[in-house]
Amino acid sequence: MTRGMIRVLGACSGTALLAGALSAQEARTIQVATHYTQEQAAPLLACFEAYEAEHPGITIEHQQTAYGDFLQTILTSRVGGTAPDIYNVYSVWVPQLASAGVLEPPPAGVADFITQNYSPATVGAATIGGQLWGIPTELSIYALVYNRKLLEQAGYGEPPRTWAELREIAQKITTTNDQGNIDVGGYAYGTSVAEGVHPFYAQMFAEGVAPFAEDGRSTNLTSPEAVKVLSEQAALFADGITSNAITVDNFASGAVAMQISANWNKFGWQEAFGDQFADTVGVAPIPHDGGEGGTMLYSFLWAVDATSDAKEESWDLLSYLNTPRADGLSCTGEMLAGMGAFSGNTADLERMTAGGDAFDKAYVEEVTSGRAVTQPNIWQAAEADRILRGYIDQAWAGSLSAEEALASADAEIQAILDEQP
Amino acid sequence: MRAFLSSKKAAPWLFLSPVILFALVFFVLPVVFAAYVSLTTWDSLTPPRWVGLRNYEYLLTRDPVFLRTLWQTLYFAIGTLAIGVPLALVLAYAFSRSRHQGLWRVLYTVPMVTNIVAIGFIFWFVFRQTDGLLNRVLGLFGLPGPGWLTDPGLAMTSAILVFVWMELGRNMLLFAAGLGSIDESYYEAAKLDGAGHWQLFRFVTLPLLRPTLLFVVITGFISGMSYFTLMLVLFPGTQGGPSRAALTTGQYMYQMAFEDLRMGRASAVSYILFALVSVVTLIQLRVMRRGGVDAH
C-alpha cells in the first residue's frame, strides 16, 4: 500500500469518525412518561412519528406506567438516573416534585403560550406559589350526576338545587331488600380516597368556601361550611339513604340515583347505558344553599425533568403537541377527546364542546361560568387527602361527629402544612 | 496471597463468597441503610436530613394511626393462627387416617396454588353485602345480611377467614408430613395400654408433632404480621378497608414510603415491626420448647 493511499484512507476514516461524532451529538432521544395506555395514547404516538419525521435526529419513546404507580416510578427512575425527559403528572404532585428540584420551569416563550391559551383555572392547576411548572392537559371537573329515569319514576322532573331537595329525592328513591340492605341507593359515594375527598371539596366550593387557604398554609376544614357539608353527608348514611355497600360504581347498573362525579366517567357510562345514555344520565350543578355555587376541577400537566439533557427539545416537542392544528384539535386534545376527557387548552375545549352533547356542555359550563375552582395544590396533598378521607369515613360511620372528625383532620393536616419550606 | 488462596483455609470462603456477596448487597446493606434512614427524614428525591429518634417518637406517641394498625395487625396474625392452626391440625389428622389421601391432598392444596387476585375476587362475590353468596344463603333462613367487607366491625374478621382458607392447605401439608414421620409403634403401644382416639391425639400425636407445630406457628405469625396483599384485593381502592379497619402495619408502612414519600418514618415502622416480631417469636420459641421439642 502506498503512502498516498494510506493518507487517503486515513482522511476518509477521520471524516467518518467526525461525522459520526457530530451526528451522535445531534441525535436526541426524548422519553415521554404518561399513565395513558398505548390505545389511549394512539393519537399522541402518531404525532410523535410526525414530529420525528420533521426533526431528523430526534427519537421519541413513550413510557406507559399505571396511574397508581406513576409517582413511585418517577422516584425510582430518578434514583436510578434513568428519569424520563417529559412527565404527564397530576397537579397535586407538583409541590413536592418542584420543591425537590425534579421539574424544570417552562421557558418564557412556553409560559406565554400557556397564559395566553389556557383558562385561569387550568393555569392555576399548574402553578405553585406563582411559578408555572408545565402545560395543563386533562381537565377533570366535578358535578352532580343523576339517573333521570330513577328521578322521573319518583316523580321528579328536575335535579335538586339544594341539599334538602337532594335528600328528599334520594330518600324517596332508596329501596332495600328483605335483609335491610340497599338495593337502589338514592345517593352514593365511592371507596377510594378521591371518591370521598373530591366530592367533599366540591361541596365546600359549592358552599362558597375553599378547603384550604390560598397560600396553602392552613385549612378551612373547621369552618361552619365544612362541618355543615360533612354533617349532611353523614346524615345520608344515618338515614339509610346510602351506605358503604352502595357505591359510585353501582351507578352504571342503575342502582344509584345521584352522586358527585367527574366527567371522565362518561365513556364507562356510555358503554353501560348504550343508546339510553342521553335519556338516563343527567348532569347538574352541585346542590348548595345560597350563593353562586361552585365545584372543583383538577388537571394533569406536561412537565420536563430538571435533569434532562434535552430540555430545549422537550419543550419544543410539548409546544408542538399542545398547539391546536389548522384542521382541528392539538395532538393532546385529540387524545383527550378520544377518551371523553376535556383539554385545558381554550381553543381545544371550544372545538370539543362545539359538537358536544348535553353531558359535555353541562360540565364545560362549570368551567366557562367560572364556578369550577382548581383543586388546591397543597404540600403533601395525597397524604392530606388520605388523612381527611380517614376522618370522613369515621363521620359517615357515626363513630365521630362531623365537628370532631374535621377538627382531628385539621390538626393532622395542619402539622403537615407546617412542614413545607 | 497465592499461597493463601490455594490453601484449605481459603477454600470454604471462596466457595461461599458468591453467597456472602449476595447477602451483603441484598440483605446486610439494606438493613443497615434502613436503620440509618429511620433516623432521618428522606423523600428519596433530596438528601436525607438527620432527625435522630424523632421518627420513633412520632410513631409511638403522636401518630393516631400507627398504634391502631399494630393492634389490628396483631389481631390479624393471632386470629389467623387461633383459627387456622387447630383447624389445619384436626383436618390433617382426620385425613391422615382416611382413604383416598392423594385426592384429599389435591383438594387441600388448591388454595395454595390459587392466585391471590382470584381469591380476592372469589371472596368479594361471596362477601358482598347486598347480593353476595353468603348473605343470600343467610337470607334463605331469614337472617340479616351483615356488611362483611363494608362494616368496620367485621372487615378484619372477614380478612382473617379468607387468610385461614388460603393458608389451610399449606398448614395441612406441613402437619401431614409431621404426622407421617411419627412412628406407628407409639400408637400401637398406647392402644395396648388402652388409649382411646382422644388420648392418642392428646398424648402421642401432639407432643411428637411439636416441632411441626412450632414451625407452623412461627412462620404463620411472621407472615401474618407483615401481610397486606389480601387486604389490597379484598378492599380495593380503600386505605385498608372501611374506616381503615383492616389497615395493617405493613400496608401503612407501604403508604408512608411510596405514597407519602416518608422513607425515614417508614423505615422506623419497619424496625418497630421487626422488634415486635422478634420478641414474640422468642417468646413462642421459649414457651413451645418446654416439654418436648428440645428432647425431640
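Source: prediction; values computed, not measured. Reminder, nothing fancy here: chain letters follow the sequence lines and each chain counts from 1.
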Check your understanding: For atom CZ of B:Arg68, is the number of surrounding heavy atoms from other residues, nucleotides or ligands below 6.0 Å larger than 12?
Key -> yes
Review point. With sequence neighbours excluded, what pairs up with A:Gln420 under the side chain to side chain donor-acceptor pair (under 3.5 Å) test?
Key: none
Exercise for review: Determine which residues belonging to residues 387-402 of chain A lie within contact range of chain B, meaning some heavy atom pair is under 4.5 Å apart, and list them by number or answer 'none'.
Suggested key: A:Ile387, A:Arg389, A:Gly390, A:Tyr391, A:Asp393, A:Gln394, A:Ala397
Practice item. With a 4.5 angstrom heavy-atom cut-off, could you sort out which part of B:Asp151 is near chain A: side chain, backbone, both or neither? Key: neither
Review point. Of all of B:Pro144, B:Ser44, B:Gly237, which one pairs up most often with chain A through heavy atoms under 4.5 Å apart?
Key: B:Gly237
Revision key, fill the gap. A:Asn244 and B:Pro242 have their tightest heavy-atom pair at ND2-CB, 4.0 Å
Review point. Which atom names give the shortest non-hydrogen contact between A:Ala100 and B:Asp43, and what distance separates them?
Key: CB-OD2, 4.3 Å
Review point. Under 4.5 Å, heavy atom to heavy atom, which residues of residues 170-185 of chain A contact chain B?
Key: A:Asn177, A:Gln179, A:Asn181, A:Ile182, A:Asp183
Would you list the atom pairs, donor with acceptor, under 3.5 Å between side chains in residues 253-260 of chain B and any protein atom, with sequence neighbours excluded?
unit_1: B:Gln255; atom_1: OE1; unit_2: A:Arg386; atom_2: NE; d: 3.4
unit_1: B:Glu259; atom_1: OE1; unit_2: A:Arg386; atom_2: NH1; d: 3.0
unit_1: B:Asp260; atom_1: OD1; unit_2: A:Arg386; atom_2: NH1; d: 3.3
unit_1: B:Asp260; atom_1: OD1; unit_2: A:Arg386; atom_2: NH2; d: 2.8
unit_1: B:Asp260; atom_1: OD2; unit_2: A:Arg386; atom_2: NH2; d: 2.6

Practice item. Against chain A, label B:Pro236 side chain, backbone, both or neither, depending on which of its atoms sit under 4.5 Å from a heavy atom there. Key: backbone
Review point. Quick one: what part of A:Val193 sits under 4.5 Å from any heavy atom of chain B, side chain, backbone, both or neither?
Key: both
Practice item. Measure the spacing between CG of B:Leu261 and CD of A:Gln380 and express it to the nearest 0.5 Å. Key: 6.5 Å
